[in-house]
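Report on one structure; see the data block that follows.
So you know, we letter chains A, B, ... as the sequences are listed, proteins then strands, and number each from 1.
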Amino acid sequence: MLDIQLLRKDAALVAERLAARGFAFDAARFDALEAERKTIQTRTQEAQSHRNSMSKQIGMMKGKGEDTTAVMAEVAGLGDELKQLEERLAALQTEINDFLMGVPNLPHESVAPGKDETANVEVSRWGTPRNFDFAVRDHVDIGESLGQLDFAAAVKITGSRFSVMRGGLARLHRALAQFMLDTHTAEHGYTEVYVPYLVNADSMRGTGQLPKFEEDLFHVPRTDAEKLYLIPTAEVPVTNLLRDEIVAAESLPLRFVAHTPCFRSEAGSYGRDTRGMIRQHQFDKVELVQMVRPEDSYAALEALTAHAETILQKLGLPYRKMALCSGDMGFSAAKTYDLEVWLPAQNTYREISSCSNFETFQSRRMQARFRVGQGKPELLHTLNGSGLAVGRTLVAVLENYQNADGSVTVPEALRPWMGGIEQLTPA
RNA sequence: GGAGAGGUGGCAGAGUGGUCGAAUGUACCUGACUCGAAAUCAGGCGUGAGCGCAAGUUCACCGUGGGUUCGAAUCCCACCCUCUCCGCCA
């Protein structure tokens, strides 16, 4: 959520900056709503104040045993008008809030303008894609011929966009997650957290998935009041750890890492990446989350991105770092770097991590704050990034480390988590 | 799932219709005393929002949402959550 003070001061400027990301901000509507809100709120508060002082007077008079019928008759007539004002004000505030909840974050000044991913800027590139002296196969062929990747079984058990792994491949998947967790906790100063995979609507609103993107989420019905959602990323439960909290400035920065499954309905992606493990309804991810002081957040974004890059480097996977343009960023982000890993079978780089600074966009929704000494609470800045998406990392390892005989070499860095296994071979 | 108890400020804990946004204790901040600290004493100390150049002022908030009333932390209804015991269970 944007700062409403900024909107009041200069809605036109906000509209201009949002246009850069393809969002049409209706400044006229906002101004109109605000104008009415201001009038109604002032009148409501005056009426409330009047009623309060009259009621107080009745209390005082009764305390002294005086007759109050005259005053009570006077205040009795106030009820209807006050109720109407209060209802109108509540409706207006709901409307303004709904309106604001649907407005995306402002892009940071360093973000390149652009309509879509074609305007993203390549920041750097690491590693050299390997030359294969045999026909490369994609991860589906590799995994299935190993007898360790089974989409047919997943379709039977659940449906499309799920997978079953067995044996060494299942272990490789687990090893990847543990390798990532151990690296981030031991080398990058993150605290490992275990969190719920089902969250309530308030949490989804806090990080920005709701109200706008409900169709992307799976949910568990129950009653409306207690409806729960499956997390699309650990960002949701982990960032919401700070919702409605005020932490001491000295405790910042907070750095959390969590390994969780993620669930996405993939509504609107029919026909895209239907083959293999690239786009699944359920996938594992190791997520990095930071809460920092505002002045530190852009340095933190660079650091967090570098933490994710470390994983790719240790695994020897070639990748490139992209700075997303204004039109390609997610709803809540002020600035985003994507890391794209080289996939030989697709002969291209594919997203494997997305690292963003949300500034106060999430913390304002969540009222996640910090306090310097005895000072006023201030909104902190939140960041997160994949460190990394485990499923896609598995795909990258299979494809980049495949051998002519159909086996797959286990990257050196993973071997401590593989119980000495150096190669995946058919069972 | 059954039975009971309970949700009040950072924490503890009063308050069951009226100067209650809320006693008191504790924690914390400032000052006094002290060489310094402790103890003691005095004062301060919730969050959000509106209006205002400011000083300030107004409103809302006692789990959440409704209701009754001139007036609700207090009464009524629904829901959520926590705790205890029983049952079941990894």
Practice problem: Any pair with a residue in residues 147-170 of chain A that passes salt bridge (charged side-chain N to carboxylate O under 4.0 Å, His left out), sequence neighbours left out, goes on the list, sorted by first then second residue, please. | Solution: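 Output for this query lists A/Asp150-A/Arg166.
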So, OP1 or OP2 of [N]: does either fall under 4.0 Å of a side-chain N or O from [X]?
X        : N      : result
A/Arg364 : B/rG48 : no
A/Lys38  : B/rC51 : yes
A/Arg37  : B/rC51 : yes
A/Arg369 : B/rG48 : yes

Exercise. Would you check if there is a donor-acceptor pair between the side chains of A/Gln362 and A/Thr382 at a distance under 3.5 Å?
Key: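 Side-chain D/A pair, A/Thr382 to A/Gln362: present.
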Exercise. Could you tell me whether the side chains of A/Ser145 and A/Arg137 share a donor-acceptor contact shorter than 3.5 Å?
Key: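 There is such a pair between these side chains.
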Look through every strand shown and name the nucleotide pairing with [N] as Watson-Crick or G-U wobble, where both distances are under 3.5 Å.
N      : result
B/rU57 : B/rG50
B/rG71 : none
B/rG87 : none
B/rA42 : B/rU30
B/rA5  : B/rU82
B/rG17 : none
B/rA37 : none

Exercise. Evaluate whether atom CD of A/Gln423 has more than 12 neighbouring non-hydrogen atoms of other residues, nucleotides or ligands under 6.0 angstrom away.
Key: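 More than 12 within 6.0 Å, yes.
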Listing time: all N or O pairs from protein to nucleotides 54-56 of chain B that are below 3.5 Å?
none

Look at all strands and tell whether [X] reaches a base, only sugar-phosphate, or nothing, counting heavy atoms closer than 4.0 Å.
X        : answer
A/Glu34  : nothing
A/Met54  : nothing
A/Arg371 : sugar-phosphate
A/Gln367 : sugar-phosphate

Quiz item: For A/Phe25, what residues pass the ring pair (Phe, Tyr, Trp, His ring centres under 6.0 Å) criterion, not counting sequence neighbours?
Solution: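 A/Phe25: ring pair (Phe, Tyr, Trp, His ring centres under 6.0 Å) contacts with A/Phe99.
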Self-check item: Residues forming a ring pair (Phe, Tyr, Trp, His ring centres under 6.0 Å) with A/His184, sequence neighbours excluded
Solution: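 For A/His184 the ring pair (Phe, Tyr, Trp, His ring centres under 6.0 Å) partners, ignoring immediate neighbours, are A/His188, A/Tyr190.
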Quiz item: Below 3.5 Å, does any donor atom in the side chain of A/Lys62 face an acceptor in the base of B/rG18, or the other way round?
Solution: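 Yes, the side chain and the base share a sub-3.5 Å donor-acceptor pair.
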Quiz item: Salt-bridged, A/Glu95 to A/Arg29, with N to O below 4.0 Å?
Solution: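 Between A/Arg29 and A/Glu95 there is a salt bridge, with a charged N closer than 4.0 Å to a carboxylate O.
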Quiz item: Is A/Arg88 salt-bridged to A/Glu36, going by a charged N under 4.0 Å from an acidic O?
Solution: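 Result for this pair is yes, salt bridge flagged.
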Gap between atoms [atom1] and [atom2], on [X] and [N] respectively (whole Å):
X        : N      : atom1 : atom2 : answer
A/Leu100 : B/rA49 : CG    : C1'   : 14 Å
A/Gln374 : B/rA27 : CD    : P     : 14 Å
A/Ile58  : B/rU19 : CD1   : C1'   : 13 Å

Distances for protein N/O vs nucleotides 58-62 of chain B N/O pairs under 3.5 angstrom?
| unit_1 | atom_1 | unit_2 | atom_2 | d |
| --- | --- | --- | --- | --- |
| B/rU58 | O3' | A/Ser49 | OG | 3.3 |
| B/rU58 | O2 | A/Gln45 | OE1 | 3.3 |
| B/rC59 | OP1 | A/Asn52 | ND2 | 3.3 |
| B/rC59 | O3' | A/Gln48 | OE1 | 3.3 |
| B/rC59 | O2' | A/Gln48 | OE1 | 2.8 |
| B/rA60 | OP1 | A/Arg51 | NH2 | 3.3 |

Self-check item: Ring centre gap for A/Phe361 and A/Phe331 strictly below 6.0 Å
Solution: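 Judged by ring-centre distance (under 6.0 Å), A/Phe361 and A/Phe331 do meet the cut-off.
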Quiz prompt | Partners passing side-chain hydrogen bond (donor to acceptor under 3.5 Å, both in side chains) against A/Gln148 (at least two apart in sequence or in another chain) | solution =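 So A/Gln148 forms no side-chain hydrogen bond (donor to acceptor under 3.5 Å, both in side chains) with any residue.
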